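Read the numbers this way: they start at 1 and go in the same order the structure lists the ligands and their atoms. Because the structure is a prediction, the values reported are computed rather than measured.
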Amino acid sequence: MSEVIRIKGMTRTYTIGDIEVLALRGIDLKVERGEYVAVMGPSGSGKSTLMNLIGCLDKPTSGTYELDGVDVSALDDTALAAVRLQKLGFIFQGFNLLARTSAVRNVALPLFYAGDPNREKKAIAALEEVGLGDRISHRPNELSGGQQQRVAIARALVNDPALILADEPTGNLDSTTAEGIMAVFERLNGGGRTVIMVTHDENVAHHAKRIVRLLDGVVVSDDSVTNRTV
Ligand code: ADP
Ligand code: MG
């Protein structure tokens, strides 16, 4: 099966008191293995809600979601946590690294939770994959912002996930550093990795091969990028 994501009729309603917010109103989305997708849309359009659902951090109100062949729509929290550990790699705007911990240990963390005895070797390989083989013992405060984001990318790769999810991965970086991070994504995708990233930046989005645009909780356009930046 070549589909990593198959979402049908997904909705998510938040209830605050007696007010209902229809954050997602029926999303249909398929993503094939090896795709590189940017999710765009104005503030409040449902991007974070959709990414939380794709990332198994939240459950849909209705609809179905198959991730890498597993129907995750009905799993409980424990099972979802296991799916996250096994199948997903997360990259956040704020890097989310442990401050007093070396790059190699930060990267090895998901494998530590998974009880993998080869975690250090795999963490070093992941750091080499993002061009940080010579920085494995550095702590985050001894690294530049771009290097910290590379450590976070290495951490997202280390469990060999079916899907890499990035939420505004260049949001805290200047444009030159952001281009460097986009070059890393390009290499990862070129190596066959599936990447979905949220961005509000058209320049960043045009590194992807496909752009899905949300408005008011629905997909309003879904197109291949013809004029890619590589
Ligand atoms: P985006 O990431 O595109 O800015 P969100 O997915 O964060 O959009 O939000 C979509 C809609 O859902 C917005 O109207 C927002 O106010 C609402 N929303 C998001 N998270 C919550 C929440 N935890 N509780 C209630 N409403 C929420
Ligand atoms: Mg958001």
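- For ligand 1, the atoms sitting less than 4.0 Å from at least one non-hydrogen atom of I16 are 25 (C), numbered in the order shown with element in parentheses.
- Distances from ligand 1 to the non-hydrogen atoms of G41 include no value under 4.0 Å.
- For atom 12 (O) of ligand 1, the closest non-hydrogen atom of the protein is A23 CB, 3.4 Å.
- Considering V107, L127, L143, V184 in turn, V184 is the only one that fulfils the side-chain contact (heavy atoms from CB on, under 4.5 Å) rule with R150.
- Checking atom 16 (O) of ligand 1 against the protein gives no heavy-atom contact under 4.0 Å.
- For atom 19 (C) of ligand 1, the closest non-hydrogen atom on the protein side is Y14 CE1, 3.4 Å.
- Through chains of ILVMFWY side-chain contacts below 4.5 Å, I211 is grouped with M40, V225.
- Regarding atom 1 (P) of ligand 1, its nearest protein heavy-atom neighbour is G44 N, 3.5 Å.
- Checking S48 against the Mg ion (ligand 2), an N/O/S atom falls under the 2.8 Å cut-off.
- Under the 3.5 Å distance criterion, with hydrogens and angles disregarded, a donor-acceptor pair is assigned to the side chains of S62 and T11.
- The protein non-hydrogen atom at the shortest distance from atom 6 (O) of ligand 1 is T49 OG1, 2.6 Å.
- Looking from atom 7 (O) of ligand 1 to the surrounding protein, the closest heavy atom is S48 CB, 3.8 Å.
- In terms of protein heavy-atom proximity, atom 14 (O) of ligand 1 is closest to V21 CG1, 3.8 Å.
- Contact analysis leaves G217 out of contact with ligand 1, as no non-hydrogen atom separation drops below 4.0 angstrom.
- Using a 4.0 Å cut-off between charged side-chain N and carboxylate O, R6 and D71 make no salt bridge.
- At least one N or O atom of G46 sits closer than 3.5 Å to an N or O atom of ligand 1.
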